[in-house]
Every structure is written in C-alpha cells, then in structure tokens.
Amino acid sequence: MEPAAYRKRYLSLLPASPRVRRLDDALPALDERNFYLKEGEVEVVPLSLPQLYAAGVECGHTAARVELKHQIATVSAQLDHFRAVQERAKGDREHLAGELLATQRAFLSSQIEISDMQGSAGRMQMHATHLESSLQSARDRIHALENSSIWRMTAPLRNARLRFKVAHARFRAWQSGLRRLPQLSAMAVSVLKNEGPGALVQRVRAKVNPDERFKPTSLTHYRVEATIAPLAFTSAPMPRVSIVIPVYGKPLLTYTCLKSLHAHTAHDEVEIIVVDDASPEPASASLAMVSGVRIERNTQNRGFIASCNRGAELARGQTIVFLNNDTIVTSGWLEALLRVFAEFPDAGMVGARLFYPDGRLQEAGGIVWRDGSAWNWGRDGDPERPDCNYVRPVDYCSGACIAMPAELFHELGGFDTRYTPAYYEDVDLAFAVRAAGHRVYYQPAATVIHFEGQTSGTDEASGAKRHQVANREVFAAKWAETLAGHRANGVDAEFERDRWAKQRVLVIDACMLTPDHDAGSVRMLAILEILISLRCKVTFVADNLEYRQPYVAQLQQRGVEVLFHPYARSIADVLAKRGAQFDMVMMSRHYIAVKHLDAVRAFAPNALIVFDTVDLHFLRTERQAELEGSALARSAASTKRDEELSLIRRSDVTLVVSPFEKSLLAELVPDARVLVLSTIHEVLAPGLPFAEREGLVFIGGFQHPPNADAVLWYAQEILPYVRVALPGVKTYIVGSKVPTHIRELAAEDFIVTGYVPDVTQYFTGCRVSIAPLRYGAGVKGKINLAMSYGLPVVATTPSIEGMYLVPEQDVLVADEAKAFADAIVRLYHDEALWERLAAGGRENIRTHFSRDVARSAITRLIAFTRGAEQRVA
Amino acid sequence: MANVDVVIPVHGALASLRRCVDSVFAARCRTPFEVVIVDDGNADAELAQYLADLQRRHRVARVTQPARQGYAAAVNRALSLHRDRDVVVLQSDAEVANDWLDRLVRHAAAPDVGLVGCFTDNVGAATYPLQGRSNPLPAGHTAATLDALFARANAGCSAKLPALSGPCLYLRRECLNVVGAFDANPLGSDYGVEIDFCLRAGSAGFRHLLAGDVFVAHEGGMSFGATEADALAQRANAALAKLYPAYVAQQEDLANRAPGRPFARRVDLLRLAESQRRPLVFVSHPWGGGIRRYMNDLVELTEAHCNVLFLEPAVGDTVKLSWPREDESFALYFSLPAELSVLAETLRTIGVERLHFHHVHLHPRAILELPALLGVAYDYTLHDYHPICPQYHLVTEDGHYCGEPDAKGCAACLARRPAQWDLDIGAWRGAFGRLLRGASRVIAPSQDVATRMQRYFPDLAVEVWPHPEALPLPTPRITRVGILGNLSPEKGLQVVAACAGDARARGLPLSFRVLGSTTEPIPQAPDTPLTIYGQYVDSELQQLIAAEKPDVLLFAAQVPETYAYTLSVALQSGLPIVASALGALPERLAGVPHSTTVPWNAPPAVWNDALLAATDPTPRVSDRAPPRARVIV
C-alpha cells in the first residue's frame with residue numbers, strides 16, 4: 001500500500017491532535033530488577049570455527065566471514081604464543097634436568113663427606129682428651145710460675161701487650177670502616193669543602209647519635225592516695241604565688257593534690273589557700289594532718305565560682321593559680337606557667353597541659369566555636385603530639401589549672417557569678433582577659449593530671465549537664481560579638497587552634513637549631529622569633545626529622561610548632577598533608593631547597609616560597625675552584641651555580657645575608673625578588689665605663705685561616721709597638737682551635753684563652769677590640785659582636801668591607817703595623833673618641849644588623865604572601 | 001556569608017564561559033555561594049576584559065595563575081582560597097539551572113560524603129540519555145527543562161559511585177581536609193585527577209554520591225584536543241590501573257550496571273508520559289526479518305504523531321519494554337506474570353493509548369492478559385499463521401508445508417514438537433481466537449492469510465492491507481565486466497580493484513566479476529561492485545562465460561603477455577574486449593571488432609570509460625555490421 005495512505009488508515013483510530021499531558025501521579029514503584037537485566041541470563045554461545053567457516057565461506061554470510069577472520073587472527077596469535085611457551089618450557093626442562101643431575105652429584109659427594117667426618121669425629125675425640133690433659137699440666141706450671149718473682153717484674157710488659165691488643169682491635173674496626181669509606185668519603189669531602197668542618201662534624205654526629213630521635217615515654221597511671229598521712233608545708237611570709245583550691249568534700253582527692261604540690265612546688269614562694277565550700281565534714285578536720293596550708297570555710301555552700309573568688313580575695317601573691325582539688329601537679333609545672341608570663345609580656349592567663357589519670361591527653365588548650373561550644377584540643381590523644389606541645393595563645397584553658405596576675409584578676413572582677421554554680425566561668429574569664437588586650441596562653445611544659453568530673457560534688461550528673469547547657473547560652477549571648485568571628489563547630493579546627501595567627505609559615509632547615517653552637521642557628525632562631533612576634537604561626541621541621549633536646553623544647557617554649565619523627569614521616573609527607581595551610585614556606589640552605597622545592601610548589605599552592613641562601617654557595621665554590629685552578633672543580637662550581645640560580649629563579653623570594661650578594665644577584669637574576677636578611681645582633685647593655693676598662697681583645701675561631709694570619713701579624717709586627725706605648729696592657733686572644741704556633745706566642749701580656757663558653761666579660765671589660773684581618777670577605781661577626789656591646793674596634797680595610805662602617809665615626813682603620821698600633825694607642829687614651837666610636841658602632845648595629853632591621857625585612861617578606869596581598873587588595 | 005565556592009577554572013572559549021557564568025547567576029539558589037574564577041594563565045585580552053567586567057557586575061573572586069599550570073593546579077589554588085567552604089568545581093563550558101546548588105547541598109549533608117556529582121549530556125560519570133556517550137540534548141529540551149525533569153523524577157535520590165567525574169563536582173571541605181589536593185603527578189596529566197582524588201577519598205572512608213535530581217549541561221570536548229585526549233586518557237588509565245587495580249576491575253561491572261540508570265529511566269518515563277506524541281506499544285519477538293521491517297516502517301511513518309515502544313521477550317520469563325531510537329536508551333524489564341501489574345502501571349503512567357500485536361513468540365503467556373488489564377484497544381497484524389499453528393509457518397520438521405491436517409494431525413505434530421506454553425491445539429486456537437476477536441483491527445498483508453485464518457475463525461473480521469511500500473525504482477542497466485583466469489598483480493589485479501573503486505566512487509553502472517580466483521585478497525561486494533566466482537576447470541571456461549553472460553571482457557595485463565590462452569577463449573566468445581596495449585595483446589586484437597586497447601598504465605577512469613564505451617550503445621551481441629577495433633591512446 002502507498003505509505004501515506006497506510007499511515008492515514010493506521011492512525012485513523014488515534015486522535016489527530018498533539019497530546020497535552022502533565023503527570024501528577026507518582027512514577028511507578030520500579031525495582032532494581034526492572035532496570036537491569038538479571039546477570040548470567042543472557043547466554044551467548046559462540047559459534048565454533050567450523051560453523052563460522054560453513055556459514056561464512058560455504059553459505060556466503062558476510063558477518064560470519066568477518067567473525068571468522070577475526071577469530072582466526074586471534075587463534076593464530078594464540079598459537080604463536082603457545083609455540084613460544086612450548087619452546088621456553090623445552091629450554092626450562094633441559095635446564096632443570098641439568099640442575100637435577102648437579103644436585104644428585106652434590107648429594108653423593110655430601111654423603112661421602114659425611115662418612116669421612118664420622119671417621120674423623122672419633123679421631124678428634126681422642127685428640128680432645130689429649131689436649132685436656134696437656135691443659136691441666138700447663139695450668140699447674142703457670143701456678144708455679146706466678147708465684148715466682150720474675151713474673152711480678154715483667155708485669156708492665158704484659159700491660160703493654162694488653163694495650164696493644166686494644167689498639168689492634170680499634171685498628172681493625174677502623175680498617176673495616178675504611179672499606180665503607182669510598183662512598184662515605186665522597187660525601188664527606190663535599191660537605192667538608194662546601195659547608196666546612198663544623199657542618200661535617202654536625203652531620204656525622206647526627207648520623208651516629210641515635211638519641212636525636214624521639215622516643216615515646218611509657219604512660220604513667222596516676223591514682224588517688226588511699227590514706228591521708230601527715231604533710232607539712234613551710235608557709236612563705238612573702239609568697240609570690242597564691243594557689244587557690246576550692247573543695248567540697250572528697251578529702252582524699254584534695255590530699256592527693258596537696259601531696260603532689262608538696263613534692264613539686266618551691267614552698268618558700270607559694271601560699272596554698274584551700275576554700276572549703278561548706279563541706280559536710282569541714283576540710284580543716286578532714287585535712288588535719290596537713291599543715292602550712294590556709295583553709296578557709298564558707299559558712300554556707302556558695303558554689304565553685306564564689307569559692308574561687310573568695311580564695312582570690314585572700315591571695316597575697318602577685319600571681320594566682322586556680323587549681324581544682326581533683327588534680328595532680330608534676331615536676332616543674334609552676335615554673336613553666338610563670339615562665340610564660342616572663343617570656344610573653346602579653347600573657348594575661350596561662351593554662352596547663354591536662355592529662356587523664358591513665359596518661360591520655362585531656363586538653364592542650366581550648367577552642368571555642370561560634371555557637372559557644374568548646375573543644376579540648378587533643379582530647380584522648382597522644383600527649384606527645386607536636387601540635388600539642390608548643391606554647392601558643394588559645395581561646396581558653398580549662399579552669400582545672402590556670403594562672404593569672406592577681407591584679408588583672410581583680411581588675412576584671414574575678415569569675416563572673418552569673419555562671420553560678422559552675423561551668424563556663426573559666427571560658428568567660430579567658431574571654432575577658434582577651435577582651436582586655438591580653439592573651440591566654442597554653443603551656444605544654446606544665447603537665448597536670450585531672451580526674452575530670454570528680455569536683456562538683458553537690459550537683460547530680462543531670463544537674464551538671466543542665467548548667468552546662470544553660471551557661472553556654474549565657475556565655476554565647478554575652479560574647480556574641482567576639483564569637484561571630486569564630487568558625488562553626490568542627491570547621492577547620494587546625495586554623496581555629498591557632499586563631500591568633502595571621503599567617504602560617506613552614507620553615508625547613510637541615511638540622512635542629514642549636515643556637516649555642518653555631519651562628520646560623522642564632523640567626524634562624526631570631527628569624528623564627530620575629531615571625532612569631534609578627535603573628536605568624538611558625539612550624540619548624542628539620543630535614544632529618546630529628547628530635548634533639550633540649551633544642552626542640554626550647555623552640556616549643558618560644559611558640560614554635562616543631563615536627564619530628566615519627567609524627568612526621570618525611571618532609572614530603574608533611575607537605576602532602578598540610579601544604580595547603582601554609583602562607584609561606586621557607587627553605588634554608590640550597591641543598592634543602594633543591595630537595596623540596598618541587599614538592600613545596602605542588603603541595604603548598606598558596607605559599608610564598610622563600611629560599612634562604614644563608615650564604616651564596618656558588619660564590620664560595622667558585623673562589624675555591626679559582627684557588628685550586630682545577631678544571632673539574634670549575635665545572636662542578638658552574639653546575640652548582642646553575643643549580644643555585646635556578647633555585648633563586650624558581651623561588652618567590654630569596655634571602656641573602658649581605659648587600660653585596662644582593663647586588664650580585666641583581667645582575668645574575670634580575671627578575672628575582674631578593675631581600676637582605678643579615679646576621680642579627682642585639683644592642684647590649686654597656687659594660688664598665690672607659691676608665692675602668694683595660695686590655696685589648698681579639699675574638700675569632702682559628703679554623704678560619706684569616707684569623708690565624710691576623711693574630712700572627714699582630715703578635716709579630718704590631719704588638720712590639722703596643723708594648724712600647726702601652727706597657728703592661730694585656731691583649732686577649734679569644735677563640736677555639738688554637739694552633740700550636742700561636743699558643744706558643746703566649747706571654748704575660750699576650751693571653752691566648754682558647755674556647756670560652758661566655759665571652760661577655762671580654763667585651764664589657766676590655767677597652768679596645770682589634771680586627772687585624774689582612775684578607776677575607778663577608779660580614780664580620782667579630783666586629784658586630786664587639787659593637788653590639790659598645791666596644792670600639794680598630795680594624796683593617798678588608799675587615800670592614802660591606803659593614804657600612806665609617807672610619808673615625810664608627811671605627812678606626814689602619815692597614816700598616818705601625819699605624820695600627822698608633823690607632824690602638826690613640827683610642828686607648830682618648831675617652832671622647834672612645835665614646836664616639838662606641839656610640840657609632842652601636843648605631844651601626846641598630847641601623848643594619850639589629851633585630852629591628854631584621855624585623856622590617858621580615859615584615860616586607862610577609863607582605864609578599866598571598867594572604868597579605870589579598871588583605872591589601 | 002557564602003557557604004560554598006563555585007570554582008570555575010577558565011581556559012579559553014569565552015562564549016562558553018559567558019553562558020556558564022550567566023547560568024550560575026541566573027539560577028535561583030538559596031545556598032549562599034561565591035563564584036571563584038581561576039584564570040589559568042590566559043593571556044587573551046578579550047577574556048581579561050570580560051573577567052574585569054564580570055567583577056564589576058557581580059561579587060566574584062578571581063584567582064590568577066601567573067602561568068598556565070593546568071587544571072589540577074588551578075583547582076587546588078581555588079580550593080585553598082576559603083578553607084572553611086565546600087566547593088563546587090564547575091567546568092567553564094557547563095550550564096546549570098534552577099536550584100541546582102541547593103539540591104547538591106542537600107546530598108552533601110549526608111554523613112561521610114566526599115563528592116557529589118550529577119547527570120550531564122557530555123563527558124562524565126553519568127550521561128543522559130545514553131550512558132557513556134556524548135549526547136545532544138533531547139529534542140525540545142534545554143538544560144533548564146531537562147534539569148527540572150531530573151529534579152521532579154528523582155527528588156532527593158542519589159546513588160553511590162566509587163569515583164565521579166563530570167562538569168560539576170561538589171567537594172566537601174571535610175573530605176578535602178583529609179584527602180588533600182588534586183594530584184596530577186601520578187597520572188602524568190590533568191586527565192583523570194578527579195578519579196584519583198575520589199579513589200583516595202574512598203580509601204579514607206568517604207563515599208561519593210551521584211545526585212539523581214541534578215542535570216548540568218556540558219559542551220565537552222574542549223579540555224583536551226581529541227588525539228591528545230586519547231593519549232592522555234591511555235596514560236592516565238594505565239596509571240590508575242596500577243594505583244587502583246580494584247577500581248579498574250570494577251569498571252566493566254559498572255558499565256553493565258550503571259548505578260545511575262534508574263534515575264535516567266525515571267526521567268525517560270516522565271518524558272514519555274508528557275510527550276505530545278501519543279505512545280503506542282508494539283508486541284513482538286526479538287528477531288529480524290519481515291516483521292522487524294514492517295515495525296520499523298510503521299515507526300517511521302508515525303514518527304510525527306507517535307512514540308512507539310517495543311515490548312519484546314528478553315530472557316526466560318522477562319520481557320523488555322524499550323524505545324527503539326538510536327538516541328535513547330530507555331529499557332525496562334518485567335518478569336511475567338509476577339510483574340504484569342507493574343508493567344501495566346508503567347504503561348498507564350506513560351499514557352499508552354493502543355497496543356499493536358505483531359508476534360508473541362517466546363513471550364510469557366501472561367502477555368495475552370495485558371490488553372484486558374490495561375483496558376486499551378489493540379491491533380493485530382498477521383505476519384504468519386501463529387494463531388492457528390504453534391509452528392507458525394505451517395511447516396513440517398523437514399521444511400515442507402504441512403497441508404494443514406486435522407486436529408489429530410496437529411496433536412501428533414505437537415506431541416513431537418510441543419507448542420509454546422505447552423498448550424494442546426484446541427487450547428491454543430482458543431486463546432488466540434479470543435485475542436484476535438478482542439482486537440479492534442486484525443490486519444492481514446494479503447488475502448491468502450486472511451482467508452486461511454478465517455477458515456479457523458469464521459467470524460473473524462480481517463482487514464487486508466498490503467504492507468506500506470513505495471514503488472521500487474526501475475531496475476538499472478548494469479554492464480557486467482568479466483575478467484578471465486587467475487587474477488594476479490601481473491594480470492592487472494590492482495587495475496581491476498582500482499576500476500571497481502572508481503565505478504563505486506563515480507556511481508558507474510559497472511559490475512566486475514572475476515571468472516576465476518585472485519592471488520591475493522581484493523575488496524569485494526558489498527564494499528565495491530566486484531565479486532569472485534572462484535576457481536574453474538579450464539575445459540569449462542566457455543560454459544562459464546555462457547552462464548555468467550558478461551557484457552565485456554577485461555584484460556588489464558601489467559606485463560607484456562607473450563600469448564594469453566584466455567584471450568583465445570575471449571575472442572571465441574565474440575564479446576567486446578578491453579585490453580592493455582602491451583605485449584601480445586594489441587597484436588592479437590589488431591582488427592578485432594568491438595575490441596579496445598588502452599595504455600597499460602592508464603588511470604582507472606580511462607579503463608572504466610573504455611568499458612562503458614565498448615558496450616554502449618551497442619547491444620549485447622550485435623547482429624549489426626561489426627564495428628572496428630578501437631585504440632585508445
């Protein structure tokens with residue numbers, strides 16, 4: 001039928017108009033099986049090759065032919081594969097047959113050996129019997145000999161033999177070490193050449209000393225004392241600290257707390273005030289065996305807050321510590337709390353690290369969320385975790401143990417009684433402290449065990465809960481404005497933990513900072529402190545992840561979060577987990593930067609990448625290469641140069657220590673942002689007045705060749721003139737690793753001190769500092785050190801290069817022996833000149849090398865971070 | 001304050017970006033959000049101008065990568081902009097609509113959720129209408145209308161997937177905090193970074209949800225160049241296979257049982273239910289043949305008015321309801337009789353107005369109850385004799401017409417070859433009689449079928465409608481070219497192949513027939529107009545020529561022939577001959593009527609023209625005056 005006609009007829013029973021329909025009913029309830037055809041039901045039986053051949057070739061079905069072609073190709077490939085496998089198997093079989101034969105032969109020969117040995121065992125048995133009898137006769141002879149006089153005479157000789165044996169064993173050990181030398185020595189030589197012997201020693205030490213790794217301490221279980229025994233405190237007449245302990249019943253708990261105080265607190269500094277909140281059995285009675293503690297009793301039960309406030313009113317110390325009676329303090333707790341007030345002038349309240357009795361962490365500072373709910377950071381966790389162990393400003397610390405200045409406490413009106421009987425009064429006080437412009441600090445070094453929930457004896461459990469909820473609302477309403485800036489419960493806890501911080505900085509250095517050993521650590525420590533003072537949260541990690549004490553604790557006490565093994569498994573691990581948090585990542589030293597820069601780029605997309613050169617490494621290697629004149633060294637140096645310049649290009653900011661390096665980089669890498677962050681010196685208190693000072697001082701380690709040259713030149717050519725003009729005036733040569741030829745120069749007026757742990761007395765007591773360096777480069781520590789003490793310096797021209805010093809204003813300069821001696825003599829007598837140079841030198845430190853200079857450089861550095869850019873925008 | 005950052009990494013294609021951004025700001029969402037544009041080092045001034053304008057008009061955060069660092073880096077940069085917010089990563093060629101974000105946020109509120117993804121038309125973990133394909137939007141739909149359908153069909157529904165991808169991914173901050181950043185390093189490129197992220201998140205305990213109620217349109221195909229994309233995808237897949245062997249093993253299973261399928265089906269149902277076209281259901285067996293052609297023709301004829309659905313047996317007692325269109329993937333399965341009511345309810349939902357029975361072979365018996373249950377009218381087209389004979393072709397085991405024996409004969413036949421549903425012949429005809437009588441029209445394509453049927457159902461009204469068919473075109477006249485002998489390259493195998501190709505390309509009325517075999521494979525019908533007879537016995541070549549009746553014989557030798565025996569047979573046949581002007585061929589053809597010589601290295605077009613000229617307008621075997629031999633130079 002004609003299609004159009006068919007359509008017309010076919011559709012004649014359907015309405016012609018388009019349908020208009022809106023489905024309001026629910027869709028049918030279909031099931032999984034309506035959407036998916038059941039598995040395994042569709043069975044496709046493939047045709048065999050002969051069937052395909054018949055259909056495709058014999059019957060002419062195209063599809064069958066195509067399939068046939070495809071399958072034949074597959075089969076053919078499989079066939080090739082099987083042939084190859086067969087071939088290999090054939091080879092394997094031959095090989096195994098060979099092995100079997102060899103094993104059979106070995107087995108036979110072992111059997112022969114075994115029978116041989118069985119034969120010789122009998123012979124050896126006889127031999128052993130023979131030896132035993134010879135041994136006995138030898139013993140008898142020795143006995144006889146030892147009692148003879150000749151034996152006693154030859155004793156020293158035998159001792160010498162023993163010593164030889166020890167020496168020989170050591171030599172053998174050394175020799176075996178020597179075998180590993182080729183690998184190690186290449187590395188060592190490169191460290192030695194590039195970083196100096198100090199670095200090599202440090203590296204070796206880091207390698208061989210397993211103590212630099214963190215070892216977890218085993219958990220201690222704390223228990224409440226079972227009985228009350230006599231306990232006597234000596235009461236302090238002028239207590240510095242008042243410890244207020246509110247109690248209600250539970251004398252054993254209170255006693256346990258007092259016993260720990262007795263053991264771990266200096267009695268002559270503290271007074272202990274126990275406020276008895278009308279316990280059924282008066283505390284004075286239950287604690288009758290405890291003396292030297294002031295026990296005050298409320299006439300009626302007034303609740304925890306009132307008791308605390310009452311205790312505070314009675315306190316005489318300038319610092320009040322509120323301590324719950326269900327606590328145990330530990331060694332050094334009070335010193336740690338007080339230290340925070342000394343180190344951080346903005347501290348208005350300090351809280352402790354709280355443990356559960358079983359050793360789990362209860363609180364490492366608290367976070368208060370937008371809705372007023374609070375978290376104890378680190379709760380139930382490992383108390384040694386890095387994030388729980390650095391001093392930091394927090395939202396609050398639990399009232400179980402808090403310290404604050406009495407004056408501030410009274411100024412703020414004490415604990416707010418609207419929270420009576422308890423809950424949230426501690427958080428509220430912390431907020432009041434913060435609102436008054438102070439900070440609340442968490443001190444991890446003060447560890448206090450808290451039997452939480454055993455204090456509030458008057459409340460039923462349900463009642464306590466009710467107060468907590470009600471007081472939270474009161475609190476949230478009171479501090480609504482402050483809380484608006486907080487995040488919602490649980491959001492970004494890591495950021496809320498360090499709410500005070502505006503920026504987050506990760507610093508990666510080679511090793512843990514050891515400021516009492518090397519100048520580099522002193523500088524880096526100053527940088528970290530300045531960063532913290534500029535409201536940066538600093539996380540420090542040593543590339544070797546070491547946990548070297550006491551340095552880790554020192555950094556933590558200064559507010560630095562220190563990461564170490566095993567909490568950090570690798571630098572890459574740290575970056576991968578936390579990279580995105582950081583606003584700045586600073587890598588110190590080129591071999592650290594080269595190792596981690598790519599990972600930092602990848603994992604810290606927001607971070608300003610800062611490469612702290614410490615010194616430009618390629619400069620030194622190039623100079624060395626020039627001195628050595630070797631082509632190999634030159635090419636190595638040029639590789640180093642490319643590597644370091646590439647690091648500078650790939651970093652966002654590069655730090656150098658001198659303007660000279662900065663100008664050099666301006667030529668080599670014109671696009672790079674380079675900041676000078678030099679060595680950092682404080683302007684120190686002036687020592688003795690001019691008239692009371694005497695003597696000359698030179699300071700400098702002798703591993704640095706220019707120093708040895710300078711002292712030699714001074715002793716041989718300058719000193720003779722000085723002796724004539726200033727008879728009896730002593731010259732002190734201070735510095736470690738003194739070579740023999742210099743030590744031998746020592747005289748009554750030429751004193752070679754060797755290493756001196758504290759050099760202050762030389763700078764505060766000597767009249768003139770000398771720097772007779774004839775060559776060398778860079779910033780001179782010796783001159784800056786002297787000037788930071790206000791001690792004038794006589795120096796040569798090379799000594800003051802790049803130091804911004806003006807002759808006659810800040811320093812005296814002379815390059816000839818006679819002139820140098822004349823300058824010393826002149827300065828030694830001219831008080832006006834002395835005062836002028838002292839002031840000039842101080843001013844130079846202040847202008848170019850002081851903490852303030854470093855602070856302004858670091859301020860500029862922070863301004864480069866993205867966060868800072870956004871804030872400005 | 002915004003809770004969610006909508007991150008749009010930008011690379012080129014300003015028009016797409018504009019549409020994307022406009023759609024974000026036009027959408028009506030309650031969730032406060034902030035748009036974050038990541039400019040991945042685009043130097044384009046026009047784009048820069050647009051972004052600047054945009055920032056004037058809307059509150060938009062803009063992050064600029066100093067140099068192009070790729071997708072992962074761009075996203076990472078944006079992820080860390082506001083560290084307390086959830087993030088939607090939206091491709092710059094995507095288009096959102098309605099309250100899309102609110103719906104995503106609702107899914108994200110469930111515990112342990114890492115990512116939430118959605119449906120799209122191109123490139124993603126869930127595509128619609130066809131899964132895993134690049135789809136055009138269904139006709140008559142925009143991103144907004146389709147999204148509205150998804151929202152209605154699957155409100156609040158989601159499915160768990162091991163990994164998500166697509167133009168719009170919602171990332172929960174909690175997950176980001178645990179899992180970290182996108183990491184392109186292990187995969188070698190940005191290709192598949194979201195998969196890697198999902199899998200890492202999965203192992204950290206997060207689950208990923210495909211939102212069934214959100215559709216985001218996506219242009220697709222602009223992130224990577226096509227060939228580059230293949231290479232990158234391969235590399236990424238290899239890396240993923242190494243990193244997550246379990247995930248790769250899961251892939252095939254996921255492809256077979258896509259977790260998003262129910263959502264797509266419900267949207268299909270809504271579309272079918274509300275379509276202006278009236279739905280018809282064709283009941284048929286799943287095979288090809290004449291029935292299929294008839295059904296396809298009807299689908300095409302009624303396309304403007306009707307959506308035709310097929311109801312076919314699938315496996316066992318399961319029937320499959322499907323929409324037989326290449327651009328649709330609607331298919332539902334019903335196990336009968338248990339789910340007959342669900343099937344009926346589904347068809348009622350769609351608003352099916354008529355059924356049309358074509359065949360019920362292999363169907364469960366319950367199919368016969370469908371019209372009554374559904375209460376709609378139906379047609380029945382007789383394609384064979386199924387209502388009267390379970391063997392349906394009235395055929396014996398050995399392939400003959402059975403002669404329609406009496407009931408006893410039929411019973412004997414069914415004893416050997418039992419009928420479908422195990423019915424005896426009486427019950428069979430009873431059941432089909434009821435079905436046919438209930439039909440509003442019983443259609444037979446020929447009177448013979450009608451008559452035979454009415455012999456068994458005398459009261460049955462049968463309408464005889466020959467099948468719809470346009471008159472076929474007149475049969476074309478084709479010149480058949482014969483090539484004699486074993487065809488090798490020396491004998492002109494490549495020339496013949498090229499001629500067949502040229503004939504095909506130019507639509508010439510030529511058909512090549514190798515009367516013999518070839519020495520190597522050569523393109524054949526249906527690809528080119530060339531067939532091979534195969535090897536013959538020498539002595540029978542003349543009979544072969546007589547049987548095959550070629551119009552012209554072709555000798556395209558590419559080497560100088562010394563004699564050529566087959567040419568003797570050709571000359572003997574008196575057929576026109578076209579041959580290479582090389583070797584002995586021109587010599588032997590000199591003066592032969594109807595013969596043409598062509599330069600041996602002539603292009604195929606010249607050969608073909610000569611072949612056509614040799615036969616046209618000359619009739620096949622001429623009894624007119626023999627024309628002269630022709631030489632083409």
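Computed from a predicted model, the values in this text were never measured in an experiment. Proteins get letters first, then strands, A, B, ... in listed order; numbering begins at 1 in each. Computed from heavy atoms alone, side chains included, the values below leave out hydrogens, waters and symmetry copies.
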Check whether any side-chain heavy atom of [X] lies under 4.5 Å from a side-chain heavy atom of [Y], and answer yes or no.
{"X": "A:Arg33", "Y": "B:Glu339", "result": "yes"}
{"X": "A:Leu30", "Y": "B:Pro262", "result": "no"}
{"X": "A:Met1", "Y": "B:His467", "result": "no"}
{"X": "B:Asn76", "Y": "A:Asn606", "result": "no"}
{"X": "A:Leu23", "Y": "B:Arg152", "result": "yes"}

- Within 45° cone of A:Phe35 ring axis and under 6.0 Å: B:Arg265 NZ or CZ: no

- Item | Which atom of B:Cys306 lies closest to which atom of A:Leu11, heavy atoms considered | SG-CD2, 3.8 Å

- Query: Which pair of non-hydrogen atoms, one from A:Tyr6 and one from B:Pro468, has the smallest distance, and what is that distance?
  - Reply: CE1-CD, 3.3 Å

Where on [X] is there a heavy atom nearer than 4.5 Å to chain A: the side chain, the backbone, both, or neither?
{"X": "B:Arg277", "answer": "backbone"}
{"X": "B:Glu353", "answer": "side chain"}
{"X": "B:Leu280", "answer": "side chain"}

- Task: Let me know if A:Ala16 has heavy atoms under 4.5 Å from chain B in its side chain, its backbone, both or neither.
- Result: backbone

- Go through the atoms of A:Asn34 and report whether side chain, backbone, both or neither lie under 4.5 Å from a heavy atom of chain B. both

- Check side-chain hydrogen bond (donor to acceptor under 3.5 Å, both in side chains) between B:Gln55 and all other residues, then give those that pass, not counting sequence neighbours. none

- Task: Starting at CZ of B:Arg278, measure out to OG of A:Ser17 and round the result to the nearest 0.5 Å.
- Result: 4.5 Å

- Task: State whether the side chain of A:Arg21 and the backbone N or O of B:Ala273 hold a donor-acceptor pair below 3.5 Å, judged by distance alone.
- Result: yes

- Query: Do NZ/NE/NH1/NH2 and the carboxylate oxygens of B:Arg257 and A:Glu32 come within less than 4.0 Å?
  - Reply: yes

- Query: Less than 6.0 Å separating the ring centroids of B:His305 and A:Tyr10?
  - Reply: no

